[in-house]
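The next block holds one structure in the form of C-alpha cells; read it before the comments.
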Amino acid sequence: MNSYQQSKKARYIVSVVYLLIMAVVMGGTYLSQQQKEAAAKTAQSAPNQ
C-alpha cells in the first residue's frame, strides 16, 4: 500500500472510533436527562411530608 491508502485507512478508523465515542456520550446524556425528568415527576406526585 502506498502512503495515501494507509492514511486513508487510518482516517477511516479514527472517524469510526470518533462516531462510536460520540454515540456513547449522546446516549448517556439522553439517558441522564430521562432519569432527571422521571425523578422530577416522582417528586411532584409524592405528597409532601
Qualifying residues under side chain to side chain contact (heavy atoms under 4.5 Å, CB included), relative to Val16, sequence neighbours excluded: Tyr12, Leu20
Heavy-atom closest pair, residues Ser45 and Thr42: OG-O, 3.2 Å
Tyr30: which of Gln34, Met26, Gln33 passes side chain to side chain contact (heavy atoms under 4.5 Å, CB included): Gln34
From Lys8 atom NZ to Asn2 atom CG, the distance as rounded to the nearest 0.5 Å: 10.5 Å
Check: Gly28 main-chain N/O paired with Ser32 side-chain donor or acceptor under 3.5 Å: no
